[in-house]
Amino acid sequence: MIMNEKTIERNRIFKGRVLEYVVDTVKLDDGSISTREMVFHPGGVGVICIDDEGYAYLVRQFRKPYDEVLLEIPAGKLDPGEEPIVCGKRELAEETGYTAGNFVSLGQFYPSVGYSNEVLHIFMATELQKGEAAPDDGEFVDIEKIHMSKLFDMVMKGEIKDGKTIAAVLKAKEILGN
């Protein structure tokens, strides 16, 4: 069965600094009409950085949509036309102070397919070199060093709630074999 939806009309509800919210009127395969509420996002990059001893460096920060502090891999929004690897290197340095001699792509995924077009790219960074963190204005993060074996256990126990971090930990564990 071919599944497709033809957009009949797009109504832009809001366009902000990062997000755009639209409602499309669509025609379905069976001829019926429906609406789709969508959030457009420029995409982002997350980096799991792991030192030679198997420790990952994560950031703990407050996330307003959930009104809680979450533990996450360093990550950020792609700038227009920016390559994901460039964004990943920038975000890693800004949030943790680390740079890396080796970056490996762990792929990309769609975090919220029901309502958003956001694409997240994930990298694993190794051969780390310490520098000074320089978070963006208004960005407050604490850096935590956690061994990959413990981090994997935290994911499996549901202690890590951030999707990009869960995906990065599981993919990195598979690649590293530990």
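When reading the values below, keep in mind they use all heavy atoms of this one structure, side chains included, and skip hydrogens, waters and symmetry mates.
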**Request:** Go through the structure and list residues passing salt bridge (charged side-chain N to carboxylate O under 4.0 Å, His left out) with Asp52, not counting sequence neighbours.
**Result:** none
**Message:** Assess whether a salt bridge exists between Arg90 and Asp79, defined as any Lys/Arg side-chain N lying under 4.0 Å from an Asp/Glu carboxylate O.
**Reply:** yes
**Request:** Look at Arg10 together with Asp24 and state whether they make a salt bridge at an N to O cut-off of under 4.0 Å.
**Result:** yes
**Message:** I'd like to know if Lys161 pairs up with Glu68 as an ion pair, taking the criterion as any Lys NZ or Arg NE/NH1/NH2 lying under 4.0 Å from an Asp or Glu carboxylate oxygen.
**Reply:** yes
**Prompt:** Can you name the nearest heavy-atom pair linking Ala75 to Lys164, along with the distance?
**Reply:** CB-CE, 3.2 Å
**Asked** Shared ILVMFWY cluster between Leu170 and Met124, side chains joined below 4.5 angstrom?
**Response** yes
**Request:** To the nearest 0.5 Å, tell me how far Met154 CE sits from Ile166 CD1.
**Result:** 11.0 Å
**Item:** salt bridge (Lys or Arg N to Asp or Glu O under 4.0 Å) between Arg60 and Glu72, worked out
**Value:** CA-CA 6 Å; Arg60 194 174 288 277; Glu72 308 172 43; over 6 Å; no
**Message:** Any non-hydrogen side-chain atom of Lys130 less than 4.5 Å from a side-chain atom of Thr99?
**Reply:** no
**Request:** Only counting residues at least two apart or in another chain, list the ones meeting side-chain contact (heavy atoms from CB on, under 4.5 Å) with Glu91.
**Result:** Cys87, Glu94, Glu95
**Prompt:** Same hydrophobic cluster for Val47 and Leu176, using side-chain heavy-atom links shorter than 4.5 Å among ILVMFWY?
**Reply:** no
**Asked** Just by modelled atom types, is the Asn4 backbone N or O under 3.5 Å from a matching donor or acceptor in the Asp29 side chain?
**Response** yes
**Request:** Supply the atom-to-atom distance Ser32 OG to Glu5 CD, rounded to the nearest 0.5 angstrom.
**Result:** 9.0 Å
**Asked** Any side-chain heavy atom of Val18 within less than 4.5 Å of one from Lys77?
**Response** yes
**Item:** Interatomic distance, Ile146 atom CD1 to Tyr55 atom OH [nearest 0.5 angstrom]
**Value:** 10.5 Å
**Any donor-acceptor N/O pair, Ser105 side chain to Gly107 backbone, under 3.5 Å** = yes
**Prompt:** Taking only residues two or more places apart in sequence, or in another chain, which ones meet Phe103 in a ring pair (Phe, Tyr, Trp, His ring centres under 6.0 Å)?
**Reply:** none
**Message:** Please say yes or no: joined through hydrophobic side-chain contacts below 4.5 Å, possibly via intermediate residues, are Leu128 and Leu58 part of one cluster?
**Reply:** no
**Validation row: Val23, Ile13 side chains within 4.5 angstrom (heavy atoms)** = yes
**Asked** Do you know which two heavy atoms are closest between Val26 and Arg36, and how far apart they sit?
**Response** CG2-CG, 4.0 Å
**Asked** Would Asp153 and Val155 count as a side-chain contact (heavy atoms from CB on, under 4.5 Å) if you check the C-alpha gap in whole Å, the side-chain angles of each, and the deciding distance to 0.1 Å?
**Response** CA-CA 5 Å; Asp153 288 343; Val155 165; over 6 Å; no
**Message:** On a heavy-atom basis, which atom in Ala56 and which in Ile48 lie closest, and how many Å separate them?
**Reply:** CB-CG1, 4.4 Å
**Side-chain (Asn117) to main-chain (His41) donor-acceptor, under 3.5 angstrom** = yes
**Message:** Ignoring hydrogens, what is the shortest heavy-atom contact between Ile73 and Val59? Give both atom names and the distance.
**Reply:** O-CG2, 4.2 Å
**Prompt:** Quick check: are there more than 12 heavy atoms from other residues, nucleotides or ligands sitting under 6.0 Å from CD of Glu83?
**Reply:** no
**Prompt:** Within the side chain of Lys171, is there an N or O that forms a donor-acceptor pair under 3.5 Å with the backbone of Leu106?
**Reply:** yes
**Complete:** Residues at least two apart in sequence or cross-chain that pass ring pair (Phe, Tyr, Trp, His ring centres under 6.0 Å) with Phe123, listed by chain then number, are none
**Separation of Lys6 NZ from Thr25 OG1 (nearest 0.5 Å)** = 12.5 Å
**Asked** Which atoms form the tightest heavy-atom contact between Ile50 and Ala172, and what is the distance?
**Response** CD1-CB, 4.0 Å
**Prompt:** Do Met38 and Leu19 belong to the same hydrophobic cluster, where Ile, Leu, Val, Met, Phe, Trp and Tyr are linked whenever their side-chain heavy atoms lie under 4.5 Å apart, directly or via other members?
**Reply:** no
**In one Ile/Leu/Val/Met/Phe/Trp/Tyr side-chain cluster, 4.5 Å: Val104, Ile85** = no
**Complete:** Heavy-atom nearest pair, Pro74 first then Thr96, reads CG-CG2, 3.5 Å
**Message:** Around atom OH of Tyr115, are there more than 12 heavy atoms from other residues, nucleotides or ligands closer than 6.0 Å?
**Reply:** no
**Prompt:** Atom CG in Leu78, atom CD in Glu118: separation rounded to 0.5 Å?
**Reply:** 9.5 Å
**Message:** To the nearest 0.5 Å, what is the distance between CG on Asn102 and OG1 on Thr126?
**Reply:** 3.5 Å
**Request:** Could I get the full list of side-chain contact (heavy atoms from CB on, under 4.5 Å) partners for Tyr110, not counting sequence neighbours?
**Result:** Val113, Val119
**Complete:** Here the ring-ring contact (aromatic ring centres under 6.0 Å, His included) pairs for residues 58-99, sequence neighbours left out, are Tyr57-Tyr98
